[in-house]
Amino acid sequence: MKLKNREDSMTSVHKAIRILREFSQNEPELGISQLSRRLGIAKSTVSRLIQILCEENMVVQNTETRKYHLSLTAFEIGSVVYNEMELCQIAFPLLKKMLSAVQAAIQMVTYDKGGIVYLLKLPEHRDGKILNVMGKRVPAHSTASGKVMLAFQDETEISRVLSTHLKAFTNKTITCPEKLREELQRIRKKGYAVSHDEFSQGMSSVAVPVFDDYDSIIASICILRPTGQITNANIPPLLKEMRMYSRLITEQLGVEQTKKLRYLH
């Protein structure tokens with residue numbers, strides 16, 4: 001592909017994104033002439049891009065008004081982010097209560113294509129060397145939270161991750177695919193994961209899964225303490241607290257989903 005074609009393609013993508021961003025709750029329907037005037041884009045270009053967006057089911061035309069509005073596909077894409085935001089809103093006050101019980105730093109993560117993304121950290125002011133920044137992404141195999149998330153993925157995804165390069169962050173990181181698979185099997189059977197110095201030297205963590213109402217894993221919560229402060233003796237009481245709050249998050253998410261369904265009907 002020539003450079004000019006690449007530039008034209010990127011320009012078209014930028015223009016299409018600008019078109020999508022013009023739709024709002026106050027103005028859910030817009031016409032081609034409106035979009036052209038607002039964005040300073042030729043009507044012919046807007047019309048062409050709108051047709052592409054229609055073909056991709058991102059926008060739909062109202063046959064009566066001849067204007068366009070966002071489709072359910074756009075809603076589905078947006079709901080991915082919304083669901084994570086909703087999860088954070090529900091989990092945050094519950095994890096704040098858990099803080100006093102576990103006396104440790106707390107993180108909540110979600111899974112994405114072989115990695116985990118940090119959604120919450122408590123306490124919020126904790127040293128950044130201990131808690132990863134929200135939004136940061138790290139390989140799933142290197143942390144307790146990540147191993148829990150990976151253990152409850154389907155076999156195709158697990159095999160895909162095991163076939164990739166498993167980076168070592170410390171000399172304790174599991175980088176052998178066979179050993180990692182055995183570890184994931186143990187985690188799935190036990191229902192929790194433990195990490196000692198695997199991602200950061202001098203830090204240990206315990207993680208449990210958070211499921212939705214359909215028993216699909218949607219997140220993991222973990223606690224972090226300096227290595228030596230998480231032992232076989234104190235793991236059981238920590239797990240009791242963590243599992244209780246994991247269930248509470250699942251239950252509250254279910255309540256919110258039920259409310260939405262009632263509203264829609």
Next on the checklist: Keeping S145 on the side-chain end and A207 on the backbone end, is there a donor-acceptor pair under 3.5 Å?
Outcome noted: no
Checklist entry - Would you say H141's side chain and K167's backbone share a donor-acceptor pair under 3.5 angstrom? => result yes
Name the atoms and distances for all side-chain donor-acceptor pairs under 3.5 Å in residues 182-194, with sequence neighbours left out.
residue, atom, partner, partner atom, Å
E183, OE1, R186, NH2, 3.0
E183, OE2, K147, NZ, 3.0
R188, NH1, A151, O, 2.8

Checklist entry - Hey, mind stepping through I174 and L166 against side-chain contact (heavy atoms from CB on, under 4.5 Å) and telling me if it holds? => result CA-CA 8 Å; I174 302 175; L166 302 174; over 6 Å; no
Checklist entry - Considering only heavy atoms from C-beta outward, does the side chain of L122 approach that of F92 to under 4.5 Å? => result yes
Item to check | Backbone of T175 reached by a side-chain donor or acceptor of T173 within 3.5 Å | outcome: no
Checklist entry - Do S159 side-chain atoms and T156 backbone N/O form a donor-acceptor pair below 3.5 Å? => result no
Checklist entry - Heavy-atom distance under 4.5 Å between the side chains of V59 and L20, does that happen here? => result yes
Item to check | Aromatic contact, Y111 with F152 (centres under 6.0 Å) | outcome: no
Checklist entry - Can you tell if the side chain of N234 reaches within under 4.5 Å of the side chain of Q229, non-hydrogen atoms only? => result no
Next on the checklist: Counting only heavy atoms not in N232 (residues, nucleotides, ligands), do more than 12 fall under 6.0 Å from its CG?
Outcome noted: no
Next on the checklist: Looking only at the side chains, is there a donor atom on one of D197 and T227 sitting less than 3.5 Å from an acceptor on the other?
Outcome noted: yes
Item to check | The single option from R21, R38, K67 passing salt bridge (charged side-chain N to carboxylate O under 4.0 Å, His left out) against E27 | outcome: R38
Checklist entry - Considering only heavy atoms from C-beta outward, does the side chain of I217 approach that of Q153 to under 4.5 Å? => result yes
Next on the checklist: With a 3.5 Å distance limit and no angle check, can you tell me whether S142 reaches the backbone of V138 through a side-chain donor-acceptor pair?
Outcome noted: no
Item to check | Modelled atom types, side-chain donor and acceptor of H196 and S204, under 3.5 Å | outcome: yes
Item to check | Verdict with reasoning, I41 to L35, per side-chain contact (heavy atoms from CB on, under 4.5 Å) | outcome: CA-CA 8 Å; I41 301 174; L35 290 166; over 6 Å; no
Next on the checklist: As a quick check of understanding, evaluate side-chain contact (heavy atoms from CB on, under 4.5 Å) for Q107 and Y118, giving each step before the final call.
Outcome noted: CA-CA 7 Å; Q107 294 175 334; Y118 291 86; 3.2 Å; yes
Next on the checklist: What I'd like to find out is whether the side chain of S195 reaches to under 4.5 Å of the side chain of S205, using heavy atoms alone.
Outcome noted: yes
Checklist outcome for this item: From the list Q61, Q34, E29, side-chain contact (heavy atoms from CB on, under 4.5 Å) with Y68 holds only for Q61
Item to check | Flag, side chain of T110 to backbone of I218, donor-acceptor distance under 3.5 Å | outcome: yes
Checklist entry - Given M58, which of L70, L53, I52, I19 fulfils the side-chain contact (heavy atoms from CB on, under 4.5 Å) condition? => result L53
Checklist entry - Regarding S47 and Q51, is there a side-chain donor-to-acceptor distance under 3.5 Å anywhere? => result no
Checklist entry - Is it true that a side-chain atom of T143 and a backbone atom of G146 form a donor plus acceptor pair closer than 3.5 Å? => result yes
Checklist entry - Ignoring hydrogens and geometry, is there a side-chain-to-backbone donor-acceptor pair from D212 to S216 under 3.5 Å? => result yes
Checklist outcome for this item: Result for side-chain contact (heavy atoms from CB on, under 4.5 Å) between M242 and one of L95, I235, I223 points to I223
Item to check | Heavy atoms from other residues, nucleotides or ligands near CD of E56 exceed 12 (cutoff 6.0 Å) | outcome: no
Item to check | Spacing of OG1 belonging to T170 relative to CD belonging to Q201, to within rounding of 0.5 Å | outcome: 5.5 Å
Checklist entry - What residue among L239, V148, L238 forms side-chain contact (heavy atoms from CB on, under 4.5 Å) with V208? => result L239
Checklist entry - Is it true that V60 and I32 fall in one hydrophobic cluster, defined by side-chain heavy atoms closer than 4.5 Å? => result no
Item to check | Intermediate values then yes/no, side-chain contact (heavy atoms from CB on, under 4.5 Å), I158 and R181 | outcome: CA-CA 8 Å; I158 292 174; R181 183 180 290 279; 4.2 Å; yes
